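See below for the structure under consideration.
Values below: every heavy atom of this structure, side chains too, minus hydrogens, waters and symmetry copies. Letters A, B, ... mirror the listed sequences (proteins, then strands); counts begin at 1. Only a predicted model underlies this, so the values are computations on that prediction, with no experimental measurement involved.
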Amino acid sequence: MATIKPSVPKGTRDFSPSEMVKRNYIFDTIKSVFRKFGYQEIQTPSMENLNTLTGKYGDEGDKLIFKILNSGDYLAKVKPEKLSPDNSNGLISEISEKALRYDLTVPFARYVVMHQNEISFPFKRFQIQPVWRADRPQRGRYREFYQCDADVVGSESLLNEAEFVLIYNEALSKFGLKDFTIKINNRKILSGIAEIIGKPELIVDMTVAIDKLDKIGLDGVVKELVERGFTETDIEKLKPVILLEGSNEEKLESLKGVLQTSETGLKGVAEIETIFNYVSALNAEILSSNRRLELDITLARGLNYYTGAIFEVKTNEVAMGSIGGGGRYDDLTGMFGLKNLTGAGISFGADRIYDVLEELKLFPESAEETTKVLISNFDPEAEAYALPVLQQLRAEGIAAELYPSSAKLKKQMGYADGKNIPYVILIGSDEIQSGELSLKDMKSGEQQKLRIEEIIKKVKH
RNA sequence: GUAGGUAUAGCUCAGUUGGUUAGAGCAUCAGAUUGUGGUUCUGAGGGUCGUCGGUUCGAGCCCGAUUACUUACCCCA
C-alpha cells in the first residue's frame, strides 16, 4: 500500500498538549463564570437529524451544513430520475438524513422542546462544544470550531441582558484583558429607524449595510445602501442616526427625539435604559469606566432572528474581530412547535480569545506545567525500588512518572527538560543504600539528597 | 460562488539568465561525557523538487493542465 501524506481536512486543526492546556484554561474560566451566574451545562450530539437543521439558517446557511451520507447502499432506493446532474438539492434528502451541528442554538431549541416536561423555566443553560461549517476557511475562521454559549429561555426580564454584560466583564477581566468594549444595540431601535424613513421592509438590508460603517466608512455604507434600494432622501434621514456620537446618555436622548413617532423604536430605547439601570445597580464601575459598555447604533450582526438586545464584544488591545456576541430572540422554539418562549443568549469566541491572549502574553505560566516529578530509571534494581516511591508521590496528589526504561541518563534528563518537568529524582545504588534520594531542581540545577517525606514536602508546596 | 498567492528534507524556507552530485536553520538520532538536561562542538540519517504533460541538448527554475493548501471578497464566529 502506498503511504499517504498525513494531513487533516481543510479548516480543521490538531491541538497539541501545550495548546490544550491553554484552551482548557479559557474554557474553564468561561465555565466558572457561567456557573457563578446560575447557568448549567448541557451537551447535545455532534449530529442532528438533517431536517432539524435545514431552514433555520437561511439559504446560505443551509449550504454550509455538513451533511452525513447515509450508511450502507445509500443509492439503492433512489429512483434513477432523481440522479440527474442538476438535482443535487433534491438528492440530498434521499441520501442524507443526518448532519453535523451548525451552531449550538438550534440544537438547544430542539433540546428545550424535547425536554420541556423536565425543565423548570426560566432555564439557564451553557454549552461548550464544537460546531461545523462547510465554509471556506481563512484567517481566524475554521470549518470546525468551538462555541461557548450561555442562553436563558422563558424569561423576558432585562435583568438577563444586564447579567450578560456582567458575565462578559468578569470573564474577560479574569483573562487579564484591560481594555475591551461591550457594544450593545437593540433590534427594536433599528426597526424604528427603518420605520421613520418609511422602509420597514428593508430593515435587514439597512442593518447589513450600516453594520459595516467602521470597515468601509460612510461613503461605502452610502454606496451599499443605494445598491440595496434606498433613495437619496432615505440616506439623508439615516446619516445623522448612523453618525450619532457622544456618551450613552446623549445618544439615548437624541434617539428619543428621532424615534418619537415610532412606538417600536421608543420601546427599544426604553429597554436599553432598563438594562443600563440594572448594570449600574449591579456593578456601577462598568458604566463609569471609559468605553466599557457602549451603545452602538451601527451594531447589527448578521443574524436576523434577534428581536431585542444585540451584543458584540471587542478588545481594543489587539486588532481582532469580535470575541463574543449575542442577543435576544423571541420564539426560539416556535419552529419545533413550542410557542411563546423567549430566549436570550451570548457566545464567547474561544479561538479568537486564544489568539488575543497569546499575542498579549496573558496565559498564566502555571498552566504550562504537566508532570511535577520524573523518577529516573538506572537499572532493574533501581526501577523496583522506585515503584513504591512513585506510588507515594501520586498518593500525595503529585503528578509523577517513572522513566519507563533504563535509557541513558542524558536521554532521561532530556525527556524531563523537553516536557518542562521541574524536578527529577535520581535513584542509584547509593540512594538505595542510604534511603536518601537525590532531588534535582531542573530550573536552578541544584541537587540535594533528601528522604522521600522531605521531597514530598518540598515538591508539594 | 468571485479573485489572487503558494507547493523543494519531519517543520520553516533558500535555490542566480535554464547547466555537473539541490542547500540552510530547526527537529531527530549518535558521539565528545559509562550518574546529569537546558548552552557548546563533531557527525549521521532523511528528497520521485505536489501530479501529469509540453518546450529544450539539458527543467526545481519556462509554458499548459490538474490537485492540494492558503489569503481576500460575499457571508459568518
Notebook entry, point to check: Touch check for A:Asp430, heavy atoms < 4.0 angstrom, all strands: base, sugar-phosphate only, or nothing?
Noted result: base
Next item on the list: Answer yes or no: does a side-chain N or O of A:Gln147 lie under 4.0 Å from OP1 or OP2 of B:rA77?
Entry: no
Checklist line | Gap in Å between the two P atoms, one belonging to B:rU17 and one to B:rC61, rounded | finding: 15 Å
Next item on the list: Please work out if A:Arg352 contacts a base, only the sugar-phosphate, or nothing of the nucleic acid, heavy-atom cut-off 4.0 Å.
Entry: sugar-phosphate
Next item on the list: Please say whether the positively charged group of A:Arg23, taken as NZ for Lys or CZ for Arg, lies over the ring of A:Tyr146, i.e. under 6.0 angstrom from the six-membered ring centre and within 45 degrees of the axis.
Entry: yes
Check: Is it the case that A:Arg125 places NZ or CZ above or below the six-membered ring of A:Phe108, under 6.0 angstrom from the centre and within 45 degrees of the axis?
Finding: yes
Checklist line | Atom CE of A:Met442 with >12 non-hydrogen neighbours under 6.0 angstrom | finding: yes
Margin query: Considering every strand and a 4.0 Å limit on heavy-atom distances, what is the contact class for A:Gly414: base, sugar-phosphate, or nothing?
Written below: sugar-phosphate
Notebook entry, point to check: What dot-bracket string describes RNA chain B from 5' to 3', counting Watson-Crick and G-U wobble pairs whose defining distances are under 3.5 Å, with [ ] for crossing pairs and | for pairs to another strand?
Noted result: (((((((..((((.....[...)))).(((((.......))))).....(((((..]....))))))))))))....
Check: Taking the six-membered ring for Trp, are A:Phe34 and A:Tyr39 parallel (under 30°), tilted (30 to 60°) or perpendicular (over 60°)?
Finding: tilted
Checklist line | A:Lys212 side chain near B:rC75 phosphate (N/O to OP1/OP2, under 4.0 Å) | finding: yes
Next item on the list: May I ask you to say what A:Glu312 touches in the nucleic acid, namely base, sugar-phosphate or nothing, with a heavy-atom cut-off under 4.0 Å?
Entry: nothing
Next item on the list: Answer yes or no: does atom CD of A:Glu227 have more than 12 heavy-atom neighbours from other residues, nucleotides or ligands under 6.0 Å?
Entry: yes
Next item on the list: Would you indicate what A:Gly445 reaches in the nucleic acid, counting non-hydrogen atoms under 4.0 angstrom: base, sugar-phosphate, or nothing?
Entry: base
Margin query: With rounding to the closest Å, how many angstrom separate the P atoms on B:rU16 and B:rG23?
Written below: 14 Å
Notebook entry, point to check: So, is A:Lys10 close to the B:rC69 phosphate, meaning a side-chain N or O under 4.0 Å from OP1 or OP2?
Noted result: yes
Item checked: A:Arg143 to A:Phe66, cation-pi by 6.0 Å centre distance and 45° axis angle -> no
Next item on the list: Take A:Phe164 and A:Phe37, measure what ring-ring contact (aromatic ring centres under 6.0 Å, His included) needs, and give me the verdict at the end.
Entry: CA-CA 9 Å; A:Phe164 289 151; A:Phe37 282 79; 9.3 Å; no
Check: Is the aromatic ring of A:Phe145 within stacking range of B:rA77, meaning centres under 5.5 angstrom and planes under 30 degrees?
Finding: yes
Check: Across the strands shown, which category fits A:Phe348 at heavy-atom distances under 4.0 angstrom: base, sugar-phosphate, nothing?
Finding: nothing
Check: At under 4.0 Å between heavy atoms, what does A:Lys408 touch on the DNA or RNA strands: base, sugar-phosphate, or nothing?
Finding: sugar-phosphate
Notebook entry, point to check: A:Ser429 near the nucleic acid: base, sugar-phosphate alone, or nothing, with a heavy-atom cut-off under 4.0 Å?
Noted result: base
Next item on the list: Flag this pair as yes if the NZ/CZ of A:Arg133 is under 6.0 angstrom from the six-membered ring centre of A:Tyr102 and inside a 45 degree cone about the axis; otherwise no.
Entry: yes
Margin query: Any side-chain N or O of A:Lys411 below 4.0 angstrom from OP1/OP2 of B:rC29?
Written below: yes
Checklist line | Upstream residue (5' side of RNA chain B) when A:Leu409 and A:Gly349 are each assigned their closest nucleotide | finding: A:Leu409
Next item on the list: Using the C1' atom as the reference point in each nucleotide, state the distance between B:rU21 and B:rU12 in Å, no decimals.
Entry: 25 Å
Check: On a whole-Å scale, what distance lies between the C1' atoms belonging to B:rC63 and B:rG18?
Finding: 13 Å
Notebook entry, point to check: Which whole number of Å gives the distance between the P atom of B:rG60 and that of B:rA22?
Noted result: 10 Å
Check: Among the nucleotides B:rA77, B:rU36, B:rU71, which one has an atom lying closest to any side-chain atom of A:Gln138?
Finding: B:rU71
Checklist line | d(CG, A:Leu374; C1', B:rU36) in whole Å | finding: 12 Å
Notebook entry, point to check: So what does A:Gly418 touch, heavy atoms closer than 4.0 Å: a base, only the sugar-phosphate, or nothing?
Noted result: nothing
Check: Could you state the NZ-C1' distance from A:Lys410 to B:rC29, rounded to the nearest angstrom?
Finding: 11 Å
